[in-house]
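Notes follow once the structure below has been shown.
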Amino acid sequence: MTGPATPSARPAPAANAMWGGRFAAGPDAIMQAINASIGFDRRLAEQDIRASRAHAAMLAATGIVTDSDAAAIGEGLLTVLSEIGTGAFPFRADLEDIHMNVEARLAELIGPAAGRLHTARSRNDQVAVDARLWVRDQCDAAVDGITALMRAFVAQADAGADWPMPGFTHMQVAQPVTWGHHMMAYVEMLARDRGRFVDARRRMNECPLGAAALAGTSFPVDRDMTAAALGFDRPTANSLDSVSDRDFALEYLAAASICAMHLSRFAEELVIWSTAQFRFVTLSDRWTTGSSIMPQKRNPDAAELLRAKLGRILGATVALFTVMKGLPLTYSKDMQEDKEPIFDAADTLMLGLAAMTGMVGDMQASRAALAAAAATGFSTATDLADWLVREAGLPFRQAHHVTGTLVALAEARGCDLPELDLAAMQGVHPGITAGVFEVLGVANSVASRRSYGGTAPDRVREQVARWKAALDMA
């Protein structure tokens with residue numbers, strides 16, 4: 001009997017043409033599986049071909065390759081791009097990645113001239129430029145998606161600028177605010193998100209092409225030409241940093257995580273507000289589902305899923321930080337693990353922005369339910385304390401104590417503060433006059449909060465007008 005074959009008894013894999021004469025045998029099948037990235041980095045095809053065409057044009061302009069070879073390369077790359085677009089391109093795992101797949105197909109199309117394309121570059125600067133181009137595009141897409149969501153929130157704020165609702169701290173009724181003011185809070189959050197993507201894009205807009213493997217190149221390349229052709233502001237200044245940097249991806253992921261956190265916060269509010277206990281909003285059939293057993297249910301599944309999606313984006317951020325934290329300069333194969341987290345996070349963010357824009361645009365707020373809730377929980381207690389300071393001359397701490405005593409009295413009587421009679425109030429503090437009732441109503445309360453950034457309807461309308469102009473909402 002013979003025992004199981006030992007690893008040394010296996011036939012040696014055939015040599016891989018990618019590595020020229022250095023290796024006598026090809027990689028083990030498991031090594032090939034762990035090494036290949038074509039299953040996911042094919043998403044960089046458009047960026048890879050764009051960068052290669054720019055590189056080929058520069059090689060011709062600097063006399064490194066002939067004009068005829070550069071023209072053949074450029075046309076051949078367009079053919080490859082067309083094949084990828086139509087689904088006719090033969091992706092091969094044995095060629096590892098998008099770069100070698102494109103180059104191998106180019107060689108089949110145009111012959112030996114294809115071999116000149118890789119002059120004065122490496123896969124290290126090639127993937128660095130491809131990834132920057134892709135992430136830069138995602139920054140632009142995020143800005144557009146956030147802008148659309150901001151417009152949806154501004155429209156809600158415009159419609160309900162003077163609708164009272166409860167403001168909460170600790171999920172307890174705190175003070176009355178307006179629906180419009182609450183909506184505009186998310187506009188401010190999203191504006192910061194948008195700014196982070198704009199800032200990240202500006203910082204990443206330097207071109208690493210020409211850094212080659214890590215040390216630059218001895219060929220007389222024109223890095224300014226390729227940077228300009230690809231829409232970058234300038235070439236990167238240090239070849240070591242150029243091929244080892246993934247800060248641009250980390251910044252994108254960090255901005256995406258913060259934005260997704262904001263989406264998750266509003267998703268949580270939608271889940272709460274759409275319950276029978278609140279009834280603040282109704283979500284349309286487009287963004288809700290039913291139950292397989294309870295026919296009365298309208299479940300806010302889209303909001304719940306958005307609330308969970310943050311975990312994927314935050315997980316991608318942590319994953320890439322973990323990949324990068326221990327890497328010495330310059331490129332290590334670990335960095336191949338940057339793409340799947342970025343791709344997944346970008347897909348998830350754009351889906352989340354589109355879904356939230358749809359929900360915010362469709363949701364119907366109940367003005368009556370908001371107003372009724374705004375008048376509960378002694379929400380005008382702070383107005384009473386402020387009145388005692390202004391009109392009765394009490395120090396705020398004493399006014400706070402008097403107000404707390406009145407709240408306890410109202411609670412014992414089963415009524416709200418405006419329902420206490422004047423005599424009962426004066427029994428707690430004789431300086432209280434009938435004028436106090438002018439501030440105890442919810443409408444009076446919100447109208448009085450006129451400080452810049454406050455909830456008074458006229459202040460809300462000022463902010464709505466400002467953002468409508470900024471977002472080109474005619």
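This one's a predicted model, so the numbers in the text were calculated from it and none came from an experiment.
- A donor-acceptor contact under 3.5 angstrom links the side chains of Ser52 and Arg121, judged on distance only.
- With Glu419 contributing its side chain and Asp416 its backbone, the two residues share a donor-acceptor pair below 3.5 Å.
- Gln126 and His55 share no donor-acceptor pair across their side chains, judged by distance under 3.5 Å alone.
- Both tests do not hold together for Arg123 against Tyr331: distance to the six-membered ring centre under 6.0 Å, angle to the ring axis within 45°.
- Shown here for Val428 and Leu409, the closest heavy-atom pair between the two residues is CG2-CD2, 4.4 Å.
- Summarising the geometry of Leu329 relative to Ser244, their closest heavy-atom pair is CD2-OG, 3.2 Å, with the distance given to 0.1 Å.
- Under a cut-off of 6.0 angstrom, the local environment of CZ in Arg265 is sparse, with at most 12 non-hydrogen atoms contributed by other residues, nucleotides or ligands.
- Both cation-pi conditions hold for Arg42 and Phe91: the charged atom is under 6.0 angstrom from the six-membered ring centre and inside a 45 degree cone around its axis.
- There is a side-chain donor-acceptor pair under 3.5 Å between Glu269 and Tyr186.
- For Leu440 against Pro418, the heavy-atom pair with the smallest separation is O-CG, 3.6 Å.
- Between the side chain of Asp125 and the main chain of Ser122, a donor-acceptor pair closer than 3.5 Å is present.
- For the pair Arg223 (side chain) and Leu209 (backbone), a donor-acceptor distance under 3.5 Å is present.
- For the pair Arg312 and Asp347, the salt-bridge criterion is not met [side-chain N within less than 4.0 Å of a carboxylate O].
- Taking the side chain as every heavy atom from C-beta outward, Gln364 and Ser284 never approach each other to under 4.5 Å.
- In the model, Thr357 has no side-chain atom that pairs as donor or acceptor with a side-chain atom of Arg151 under 3.5 Å.
- Taking the ring centroids of Phe343 and Trp134, they lie under the 6.0 Å cut-off.
- A salt bridge is absent between Asp130 and Lys339; no separation between the charged side-chain nitrogens and carboxylate oxygens falls under 4.0 Å.
- Trp163 is not listed as a side-chain neighbour of Thr178, based on a closest heavy-atom distance of 4.5 Å or more.
- Side chain of Glu462 to backbone of Tyr452: no donor-acceptor contact under 3.5 angstrom is found.
- The pair Arg196-Asp199 does not count as a salt bridge, with every side-chain nitrogen at least 4.0 angstrom from each carboxylate oxygen.
- In this structure the side chain of Trp273 reaches within 4.5 angstrom of the side chain of Met165, judged on heavy atoms.
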